[in-house]
Amino acid sequence: MHLVIFDLETTGLSPARHEIIQIAAIRMRAGRILTEETFATFVQPTQPIPAQISGYTGITRAHVGDAPRPAEALVAFSRFVGDATLVAHNGHRFDLPFIHATCARHALPVRPVTYIDSLALSRQLWGGRGGHGLDAVMARLCLSLPDARRHDARGDVQILAETVRQMWSQLSPDFQTCPVTRNPGSIAQ
DNA sequence: GCTAGGCAGGAACCCCTCCTCCCCT
């Protein structure tokens, strides 16, 4: 199965009120993380980045000042995605709604995609007990990637890709079948 | 902890609705 694992950093939690400031993605085929096939860009928001978000993500005005505008960044991301199935942690309620809202705000034409929420992999594997946040999943898998910085999309996507690989291998070792629901979504054309 | 939004699981109850917690920046 051809997957693109991705992560967004944003200026807040509300797709209606906040903006994307960073996109990172990494490709996975048949259970292999293709570390040479990555995508990463900062995105220039129309509003200033709140101080608490700069503190949380490390992303400041200096990072996004010359970055592509949202439309340009989302089209480039779409090209990278190709015909892959997208994967994001809490993507059903966070990343995909942010992409939908950003496309709508900038009147960007969209195309259908399928996506998997990696929260569902965690719930499938460990049931309702305990948390399913990325930190909790990492702890359960005893996973530590010292070079991957949390809350930087490039670091989070490395961590997420490895957690997805490990969870998937426990649920469907041959990587041929998808162990959780694939949802319909849309991204920029 | 707040923002938005409503999954998933459990309780109460008998089949759907309500409630609480969750998860993302």
Side-chain angles (χ1 to χ4, degrees), chain A residues 3-26 39-64 67-68 70 73-74 77 81 85-105 113-141 143 145 148-164 166-168 171 178-187:
Chain A
L3 304 174
V4 163
I5 289 99
F6 80 103
D7 185 56
L8 305 179
E9 303 304 320
T10 67
T11 57
L13 293 176
S14 167
R17 295 170 43 201
H18 298 129
E19 297 178 273
I20 297 169
I21 51 176
Q22 191 185 27
I23 307 171
I26 189 163
F39 175 90
T41 184
F42 289 107
V43 184
Q44 191 179 143
T46 62
Q47 302 287 321
I49 300 173
Q52 71 270 26
I53 295 297
S54 287
Y56 186 74
T57 63
I59 302 171
T60 66
R61 188 170 55 181
H63 294 99
V64 299
L74 285 174
F77 172 64
V81 172
T85 294
L86 289 168
V87 185
H89 204 64
N90 202 30
H92 184 62
R93 291 172 61 186
F94 186 79
D95 302 87
L96 270 297
F98 252 103
I99 288 179
H100 295 162
T102 307
C103 288
R105 194 178 301 139
V113 288
T114 58
Y115 72 91
I116 292 164
D117 191 331
S118 47
L119 272 178
L121 293 170
S122 175
R123 286 181 175 132
Q124 179 94 348
L125 205 46
W126 294 296
R129 304 177 308 279
H132 298 282
L134 197 49
D135 289 318
V137 173
M138 287 173 70
R140 282 202 190 94
L141 294 170
L143 179 67
L145 294 175
R149 202 160 72 83
R150 283 287 276 128
H151 309 302
D152 180 309
R154 295 163 297 191
D156 278 349
V157 88
Q158 280 185 49
I159 292 165
L160 183 57
E162 184 54 29
T163 63
V164 166
Q166 292 195 26
M167 289 191 290
W168 197 302
L171 291 165
C178 180
V180 294
T181 306
R182 293 169 69 190
N183 307 288
S186 59
I187 61 173

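So you know, we letter chains A, B, ... as the sequences are listed, proteins then strands, and number each from 1.
Put simply, CG on A/Leu119 is 8 Å from C1' on B/dC22, counting in whole angstrom units. As a whole-Å value, the separation of A/Trp126 CH2 from B/dA8 P is 17 Å. Between the CG atom of A/Leu13 and the C1' atom of B/dC24 there is a distance of 6 Å, given to the nearest Å. Nucleotide B/dG6 holds its C1' atom 13 Å from the CG atom of A/Asp117, rounded to whole Å. Here B/dC7 presents its C1' atom at 11 Å from OH of A/Tyr115, a figure rounded to the nearest Å. What separates CD1 of A/Ile53 from P of B/dG1 is a distance of 17 Å, to the nearest Å. The nearest whole Å value for the distance from the NE2 atom in A/His100 to the P atom in B/dA4 is 20 Å. Rounded to a whole Å, the NE2 atom of A/His92 is 8 Å from the P atom of B/dG6.
Taking atom P in both B/dT25 and B/dA12, one finds a spacing of 35 Å when rounded to whole Å. Annotation: B/dC21 and B/dG6 have their C1' atoms spaced 11 Å apart (nearest Å). Taking atom C1' in both B/dA4 and B/dC14, one finds a spacing of 34 Å when rounded to whole Å. Annotation: B/dC24 and B/dG10 have their C1' atoms spaced 24 Å apart (nearest Å). Separation of the P atoms belonging to B/dA8 and B/dC22 is 15 Å when rounded to the nearest angstrom. Annotation: B/dC23 and B/dG9 have their P atoms spaced 12 Å apart (nearest Å). To the nearest whole angstrom, the two P atoms, one in B/dC13 and one in B/dC19, are 13 Å apart. Here, B/dG5 and B/dT20 have their C1' atoms 14 Å apart, quoted to the whole Å.
The 5' end of DNA chain B is approached more closely, in terms of each residue's nearest nucleotide, by A/Pro15 than by the other of A/Pro15 and A/Asp7. When each of A/Thr11 and A/Arg93 is assigned the nucleotide of DNA chain B bearing its nearest heavy atom, the one mapping closer to the 5' terminus is A/Arg93.
Residues A/Gln22 and A/Asp152 have side chains that bring a donor and an acceptor to within less than 3.5 angstrom of each other. For A/Ser118 and A/His89, the side-chain atoms include at least one donor-acceptor pair closer than 3.5 Å. Judged purely by distance below 3.5 Å, without hydrogens or angles, the side chains of A/Thr85 and A/Thr114 pair a donor atom with an acceptor atom.
Contact of the A/Ile49 side chain with the A/Arg61 side chain is not registered, since no non-hydrogen atoms from C-beta on lie closer than 4.5 Å.
Salt bridge A/Arg93/A/Asp117: absent, no basic N to carboxylate O contact under 4.0 Å.
Contact annotation for A/Gly133: backbone-only contact, meaning every heavy-atom pair under 4.0 Å involves sugar-phosphate atoms and none involves a base. Using a 4.0 Å heavy-atom cutoff across all strands shown, A/Asp152 reaches no nucleic acid atom at all. Within the nucleic acid shown, A/His89 comes within 4.0 Å of sugar-phosphate atoms alone, with no base atom in reach, counting heavy atoms only. Using a 4.0 Å heavy-atom distance criterion, A/Ile21 is classed as making no nucleic acid contact.
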Test A/Thr11 against A/Gln47 for side-chain hydrogen bond (donor to acceptor under 3.5 Å, both in side chains), laying out the working first. CA-CA 9 Å; A/Thr11 57; A/Gln47 302 287 321; over 6 Å; no
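The listed nucleotides are B/dT25, B/dC23, B/dA4; the one nearest the side chain of A/Asn90 is B/dC23.
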